[in-house]
Amino acid sequence: MGLREPGLCFVDVARGELRGATNRYVKTLADLEGLYEDAAAFEALRREMGDTVVYEVTDYKPSDRAGDMIIGVTRMLPGKVGREYFLTRGHIHARADRPEMYYGESGRGLMLLESPAGEIRTVEIGPRTLCYVPPFWIHRSVNVGTEDLVMTFAYPADSGQDYDIIAKAGGMRRRIVDDGRGGWTAVDNASYRVRPAALVDAILAQAS
Ligand SMILES: O=P(O)(O)OC[C@H]1O[C@H](O)[C@H](O)[C@@H](O)[C@@H]1O
Ligand SMILES: [Fe+2]
């Protein structure tokens, strides 16, 4: 492979986007059907703002080759479906041994992480917080604030995203909800099904 040219992008924190990005990906509220616990609250909100872009990713992707890197910005609207804070769909990397980093630019959020065996971690992200998502952890961002959550991220270019792992388990093991005092708390997801041990082992055995 020949040498690449250096890249230069600008993180527009106020607009929550990467200027100079090569890709843009948006999700409307309607795209997130089935992710929230309160289906009736989701339906009501969908009638009101189903077409609203609730999160947007702009990124700079020089290639998708091993050893290369994708850098970008995520912007998430604040809000709740019932008591549950707005979230991203969430995924594990298709090459599960790939890590990621998130850097808080503005707003108040958290990274919700789940190991294949169902252990949960939450990492609060505010301005200047750098969050390391280790290999093999399912991850989803949650906006627990009242303003847009803007984060810069970077991850290996050949990581890929696997969304099925969450769908097949009935969601992530915990949900991030309003604690009634303006903060958040994590509660059990009643629909969650623990992964079979053989599947957990197969995921953790991945290395490439
Ligand atoms: O892919 P989702 O779970 O919808 O999350 C949206 C985005 O979140 C982060 O910013 C990741 O770095 C992106 O690669 C991802 O696409
Ligand atoms: Fe990721």
Side-chain angles (χ1 to χ4, degrees), residues 9 11-13 15-36 52-66 68-79 81 84-116 121-123 125-126 129-144 148-169 171-176 189 203 206 208:
C9 297
V11 178
D12 187 332
V13 178
R15 296 175 78 101
E17 64 181 34
L18 187 69
R19 243 187 272 153
T22 56
N23 305 287
R24 176 167 185 262
Y25 145 43
V26 300
K27 288 280 181 215
T28 63
L29 181 78
D31 290 332
L32 304 182
E33 181 171 15
L35 299 189
Y36 291 98
T52 302
V53 171
V54 287
Y55 68 93
E56 171 184 18
V57 179
T58 41
D59 65 28
Y60 179 79
K61 181 176 173 178
S63 80
D64 57 7
R65 301 168 82 126
D68 213 337
M69 186 163 72
I70 296 171
I71 54 183
V73 171
T74 304
R75 174 182 64 87
M76 297 178 70
L77 291 194
V81 175
E84 191 173 4
Y85 285 107
F86 275 10
L87 44 72
T88 59
R89 195 167 163 203
H91 55 261
I92 191 168
H93 290 150
R95 291 186 193 273
D97 63 343
R98 301 302 196 254
E100 187 156 355
M101 81 88 187
Y102 288 83
Y103 178 77
E105 302 283 3
S106 69
R108 232 164 35 88
L110 61 85
M111 193 59 57
L112 175 63
L113 301 105
E114 180 184 311
S115 70
R121 303 282 186 273
T122 51
V123 178
I125 298 180
T129 309
L130 185 52
C131 169
Y132 168 63
V133 175
F136 302 109
W137 285 79
I138 298 160
H139 47 287
R140 154 181 287 168
S141 313
V142 184
N143 187 342
V144 295
D148 281 8
L149 172 64
V150 179
M151 296 179 293
T152 291
F153 61 81
Y155 63 100
D158 65 344
S159 302
Q161 283 91 8
D162 173 349
Y163 299 98
D164 264 7
I165 192 167
I166 295 180
K168 284 191 183 137
M172 289 181 73
R173 190 170 204 158
R174 307 268 272 171
R175 296 183 177 280
I176 305 301
N189 166 13
I203 294 166
Q206 276 191 45
S208 47

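Each ligand, and each atom within it, is numbered from 1 in the order the structure gives. Heavy-atom basis, side chains included; hydrogens, waters and symmetry copies ignored.
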- Message: Quick test: of every protein heavy atom, which one is nearest to atom 16 (O) of ligand 1, and how far off is it to 0.1 Å?
- Response: Y25 CE2, 3.0 Å

- Query: Do the side chains of R175 and N189 get nearer than 4.5 Å, heavy atoms only?
  - Reply: yes

- min-distance protein heavy atom vs atom 4 (O) of ligand 1 -> Y55 OH, 2.5 Å

- Task: Please tell me if the side chains of I176 and R140 come closer than 4.5 Å, counting only heavy atoms from C-beta onward.
- Result: no

- Query: Would you call R24 and E56 a salt bridge, taking side-chain N to carboxylate O under 4.0 Å as the test?
  - Reply: yes

- Task: Please answer whether the main-chain N or O of W137 pairs with a side-chain N or O of H139 as donor and acceptor at a distance below 3.5 Å.
- Result: yes

Could you give the side-chain donor-acceptor pairs of residues 102-110 under 3.5 Å, partners two or more places apart or in another chain?
{"residue": "Y102", "atom": "OH", "partner": "E100", "partner atom": "OE2", "Å": "2.9"}
{"residue": "E105", "atom": "OE2", "partner": "T152", "partner atom": "OG1", "Å": "2.6"}
{"residue": "R108", "atom": "NH2", "partner": "V144", "partner atom": "O", "Å": "3.3"}

- Task: Please could you name the atoms of ligand 1 that Q161 approaches to less than 4.0 Å, counting only its heavy atoms?
- Result: 14 (O)

- Around atom 15 (C) of ligand 1, find the nearest protein heavy atom and jot down its residue, atom name and distance. H91 CE1, 4.0 Å

- Message: Could you identify the single nearest non-hydrogen protein atom to atom 3 (O) of ligand 1 and state the distance to 0.1 Å?
- Response: G90 N, 2.8 Å

- Is a side-chain N or O of T88 found less than 3.5 angstrom from the main chain of S141, in a donor-acceptor match? yes

- May I ask which of Y155, Y102, Y163 has a heavy atom nearer to atom 8 (O) of ligand 1 than the others do? Y102

- Ligand-residue contact atoms, ligand 1 with F153, heavy atoms, under 4.0 Å: 10 (O), 12 (O)

- Note on the structure: On a heavy-atom basis, the closest approach of V73 and V11 is CG2-CG1, 4.0 Å

- Message: Return the closest protein heavy atom for atom 12 (O) of ligand 1 as residue, atom name and distance.
- Response: E100 OE2, 2.4 Å

- Message: Is it the case that ligand 1 has an N or O less than 3.5 angstrom from some N or O of V57?
- Response: no

- Does any N or O in the side chain of N143 come within less than 3.5 Å of the main-chain N or O of L77, such that one atom is a donor and the other an acceptor? yes

- Message: Starting from atom 10 (O) of ligand 1, what is the nearest protein heavy atom, named by residue and atom, and what distance separates them?
- Response: T74 OG1, 2.5 Å

- Query: If only atom types and distance count, is the side chain of D12 paired as donor or acceptor with the main-chain N or O of E17 below 3.5 Å?
  - Reply: no

- Task: Anything under 30° is parallel, anything over 60° is perpendicular, the rest tilted; go ahead and classify Y36 against F86.
- Result: tilted

- Taking C-beta and beyond as the side chain, do E114 and R174 meet within less than 4.5 Å on heavy atoms? no

- Under-2.8 Å protein N/O/S neighbours of the Fe ion (ligand 2), ordered by chain then residue number: H91 NE2, H93 NE2, E100 OE1, H139 NE2

